[in-house]
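Read the structure below first, then the notes.
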Amino acid sequence: MPTRLTNYFLKTLREDPSDAEVTSHRLLVRAGYIRRQAPGIFAWLPLGLRVKSKIEAIVRDEMTNAGAHEVHFPALLPKEPYEVTGRYVDYGDGMFRLNDRRGVGYVLAPTHEEVFTLLVKDLYSSYKDLPLSIYQIQDKYRDEARPRAGLLRGREFTMKDAYSFDYTDAGLDASYQAQRDAYERIFTRLGLEYVIVKADAGAMGGSKSEEFLHPTPVGEDTFVRSAGGYAANVEAFTTLVPDARPSEGLPAATVFDSPHTPTIQTLVDLANAEQPRDDGRAWVAGDTLKNVVLAVTQLDGTRELVVVGMPGDRDVDLKRAEVAFQPAEVEAANEDDFALHPGLVKGYIGPWSEGGAAVLGEKGSTGIRYLLDPRVVDGTEWITGANLHEKHVFGLVAGRDFVGDGWVEAANVKDGDPAPDGSGPIETARGMEIGHVFQLGRKYAEALGLKVLDENGKLVTVTMGSYGIGVTRILAIIAELNNDDKGLIWPAAVAPFDVYVVATGRDETVYAAAEQIVLDLEAAGNEVLFDDRPKVSPGVKFGDAELIGVPKIVIVGRGVADGVVEVWDRKSGDRSEAAVDAVVAAL
RNA sequence: CGGGGCGUAGCUCAGCUUGGUAGAGCGCUCGGUUUGGGACCGAGAGGUCGCAGGUUCGAAUCCUGUCGCCCCGACCA
């Protein structure tokens, strides 16, 4: 039974919807694939659903190849499992919560680690049952502070989430690798460029984690890569730590007057004017030690000040700092914070005071925790604040004159920074997350009590992995990538139909010929959308055909009198003629 | 949560400054003409102007409040 436009549920819009800004959103709404229901929540119309199903079919196929089995959980779940693992609190406002008529708490699941773990716990108790990989394709709910860009960041979105269960670390490695390989095949089949980067495990917990990022300037993630093959999310980037240097023989630190030095640059200028270096090289921002006061707020609300010392040519990257202090929130200290700590002389903060007493650090006079950038290794010399108004100090030596309470990755990453694995300088780029693979380890199994008996009859805690792909986000990215001024241009692998047949004119023989062509195409295994609308002008039909973006378009019109039809290739725009009875071969 | 913009017909918007019986284009219905690039003629249907209060003889228009949506930022897959 051909799919006919005369009874299909489709209405294209002549004008762009006013609430759609990004290309994918605009075109998917205009071409009749989706409709907005609420911010970040969309209804799927027949065309959209077909594309979504095509993507899901590829995902299912590769999950099967990876040995994973499909299951399906509810999206609506009791809150208890999430309370046990702590994520009911950790997720904060990001989780949709509701109560039933008796007041019992439920959540709309943002992700399903807990219930998968509990299901396996229910059924399995032996190492002989493992390894196991199961997955679902299910809608997820996250109450985003600001949904945006249509499908790219919604509050409801479809995700394939897979979970692996092993009782050995080696088993987890193998399960992880199988999913990782499957992801590579999926993105290749979808024609999506991707970069695999080291990722921060974030609130999910666990150890090893990699993200699949689609490189695009509009991406929300920043990642770095080196020519030598290093790739990481900027949040997971680790600094290459220089070797410590001997501090013997370095001159003693000296305090100097430094009025009117509100910025690092003015301090550097003053230093060059007052105290030029012996070797003739000018002082630069990287020779100064900048001490930034951060306020770190734990989940329970306790607020702690922390001073981070880093080279003056760096700034605090709050996202990296959040990772370093997670799950706490990090922000710049405010006036109230300073008021509580009169020992901090704003603009002249440093770890050392004249005479050598420590100011910062748990043993310093302020008692404020002092964390250092990894570049501040023992034996490095710095220009930094002297904790006196309008005074700085020269030649303060790390390890000799001051020590920190530890190290922290809170400084921003710059193009040209060395990769930590020695593979050369890195460059930064933007990307959109399309997949994420995690080795969760035993965090969830531990919290929820998932254990099995091993070969020796001993109870061991299961080790898990979690693997996600954003199905609807991928659909949006494909739309974002494949379009022109006329509309969408679907790659064959995910197109809602293979061929779009248009009958023009009002000649009965034309429609009869078109009917036959549709049947021929379907018999040859093509999915066909047939524009059989009788009272629509050709211009409208052509416009819709191009807007909808099916890869091949067959125009059946006046050429039928001569036994020919026109075949358009949507992507290249190429047009050729084909005999009415040989359309299948002409595609 | 901070900043900006916008809520008027199914869609895209004008009207608001300067208060006086609610408009256009597209879409939709009917009749006719037209049929290879978003046709034309004629006749229609369709709106508590986001909501509430206020000012006024009279409010889409002025005032106050409120709700919603979009964009930028913060945050997040």
Side-chain angles (χ1 to χ4, degrees), chain A residues 11-22 25-26 29-30 32 35-41 90-95 110-111 139-161 199-200 202-204 209 211-214 218-221 233 235 318-319 322-323 326-327 329-332 431-438 466-474 476-477 486-487 502-508 510-511 531 533-547 553 555-561 564-566 568 575:
Chain A
K11 184 67 79 175
T12 58
L13 273 42
R14 179 174 291 208
E15 290 172 274
D16 285 335
S18 63
D19 61 353
E21 199 93 344
V22 300
H25 188 199
R26 213 182 73 235
V29 171
R30 199 149 87 81
R35 295 291 293 180
R36 196 190 72 93
Q37 293 297 303
I41 300 177
D90 293 356
Y91 249 105
D93 292 333
M95 185 148 63
T111 173
D139 290 340
K140 305 296 184 195
Y141 297 86
R142 296 187 193 171
D143 192 2
E144 291 290 332
R146 183 159 92 85
R148 72 183 85 173
L151 257 27
L152 285 172
R153 174 165 299 283
R155 294 193 295 173
E156 179 189 78
F157 57 97
T158 305
M159 179 169 151
K160 184 286 302 179
D161 47 322
D200 163 58
M204 301 289 286
S209 170
E211 281 173 336
F212 287 70
L213 298 182
H214 172 74
V218 301
E220 298 171 319
D221 285 286
N233 190 300
E235 292 166 31
L318 275 179
K319 283 192 173 185
E322 293 252 358
V323 169
Q326 69 183 328
E329 285 183 18
V330 180
E331 60 188 328
M432 174 79 63
E433 184 176 358
I434 52 177
H436 203 151
V437 289
F438 282 101
S466 146
Y467 318 93
I469 281 185
V471 171
T472 42
R473 174 176 279 184
I474 283 171
I477 291 175
K486 294 190 175 76
V502 178
T504 68
R506 53 178 182 177
D507 187 338
E508 287 296 325
V510 167
Y511 279 81
D531 187 350
R533 293 174 294 179
K535 291 182 179 173
V536 177
S537 69
V540 173
K541 291 187 170 186
F542 298 159
D544 280 347
E546 285 158 332
L547 175 61
I553 301 169
I555 307 296
V556 186
R558 49 171 64 140
V560 165
V564 296
V565 297
E566 206 169 318
W568 296 359
R575 299 179 180 195

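All chains are named by letter (A, B, ...) in the order of the sequence lines, taking the proteins before the strands, and each is independently numbered beginning at 1.
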[atom1] atoms of [N] and [M], separation to the nearest Å:
| N | M | atom1 | result |
| --- | --- | --- | --- |
| B/rA9 | B/rG50 | P | 8 Å |
| B/rG42 | B/rC51 | P | 35 Å |
| B/rG37 | B/rG23 | C1' | 31 Å |
| B/rU29 | B/rU56 | P | 48 Å |
| B/rG36 | B/rC69 | C1' | 41 Å |
| B/rA59 | B/rA52 | C1' | 15 Å |
| B/rC49 | B/rA43 | C1' | 27 Å |
| B/rA24 | B/rA14 | P | 16 Å |

Classify the nucleic acid contact of [X] as base, sugar-phosphate or nothing, counting any heavy atom under 4.0 Å across all strands shown.
| X | answer |
| --- | --- |
| A/Ile434 | nothing |
| A/Gly94 | nothing |
| A/Glu566 | base |
| A/Pro110 | nothing |

Whom does [N] pair with, Watson-Crick or G-U wobble, provided both distances fall under 3.5 Å?
| N | answer |
| --- | --- |
| B/rC28 | B/rG44 |
| B/rC1 | B/rG73 |
| B/rA52 | B/rU64 |
| B/rC16 | none |
| B/rA59 | none |
| B/rA39 | B/rU33 |
| B/rA9 | none |

Is there a donor on the side chain of A/Arg533 or the base of B/rG38 sitting less than 3.5 Å from an acceptor on the other?
-> no
So does A/Glu15 reach the base of B/rG25 with its side chain, donor to acceptor, closer than 3.5 Å?
->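 Side chain to base: pair found, below 3.5 Å.
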Nucleotide [N], atom [atom2] - distance to [atom1] of [X] in whole Å:
| X | N | atom1 | atom2 | result |
| --- | --- | --- | --- | --- |
| A/Lys11 | B/rG27 | NZ | C1' | 7 Å |
| A/Lys535 | B/rC28 | NZ | C1' | 14 Å |
| A/Asp93 | B/rC1 | CG | C1' | 11 Å |
| A/Asp16 | B/rG38 | CG | P | 19 Å |
| A/Arg14 | B/rC13 | CZ | P | 15 Å |
| A/Asp531 | B/rG38 | CG | P | 16 Å |
| A/Arg558 | B/rU34 | CZ | P | 14 Å |
| A/Tyr511 | B/rG36 | OH | C1' | 12 Å |

A/Thr472 and A/Ile474: side-chain contact (heavy atoms from CB on, under 4.5 Å), yes or no, with the steps?
-> CA-CA 5 Å; A/Thr472 42; A/Ile474 283 171; over 6 Å; no
Mind checking side chain to side chain donor-acceptor pair (under 3.5 Å) for A/Ser537 and listing every partner two or more places apart, or none if nothing turns up?
-> none
Which atom names give the shortest non-hydrogen contact between A/Ala476 and A/Leu151, and what distance separates them?
->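 That closest heavy-atom pairing would be CB-CB, 3.6 Å.
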Taking all non-hydrogen atoms of both residues into account, name the closest pair between A/Ala503 and A/Lys541 and its distance.
-> O-NZ, 2.5 Å
Can you sort out the partners of A/Lys486 under side-chain contact (heavy atoms from CB on, under 4.5 Å), two or more places apart, ordered by chain and number?
-> A/Asp484, A/Glu546, A/Arg570
Between A/Arg473 and A/Thr504, name the one whose nearest nucleotide on RNA chain B is closer to the 5' end.
-> A/Thr504
Which residue, A/Leu13 or A/Gly505, contacts RNA chain B at a nucleotide closer to its 5' end, judged by nearest heavy atom?
->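 Going by which nucleotide is closer to the 5' end, it is A/Leu13.
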Reading nucleotides 67-74 of chain B from 5' to 3' and marking B where a protein heavy atom lies under 4.0 Å of the base, S where only the sugar-phosphate is that close, and - otherwise, the string is --SSBBBB
Out of B/rG37, B/rU34, B/rG38, which has the shortest distance to the side chain of A/Phe542?
-> B/rG37
Pairwise side-chain contact, A/Ile434 with A/Leu213, heavy-atom cut-off 4.5 Å (strictly under) | no
May I ask you to test the A/Arg30-A/Thr12 pair for a side-chain heavy-atom distance under 4.5 Å?
-> no
If you draw a 6.0 Å radius around CG in A/Asp93, do more than 12 non-hydrogen atoms from other residues or ligands fall strictly inside?
->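 No, the 6.0 Å shell around CG holds no more than 12 heavy atoms from other groups.
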Could you walk me through whether A/Arg533 and A/Asp544 pass the salt bridge (charged side-chain N to carboxylate O under 4.0 Å, His left out) test, one step at a time?
-> CA-CA 12 Å; A/Arg533 293 174 294 179; A/Asp544 280 347; 3.1 Å; yes
When you check the phosphate oxygens OP1 and OP2 of B/rG38, does a side-chain N or O of A/Ser537 lie under 4.0 Å from one of them?
->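 Indeed not, no polar side-chain atom of A/Ser537 lies that close.
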Salt-bridge criterion met for A/Arg558 and A/Asp507 (N-O under 4.0 Å) =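 A/Asp507 and A/Arg558: not salt-bridged.
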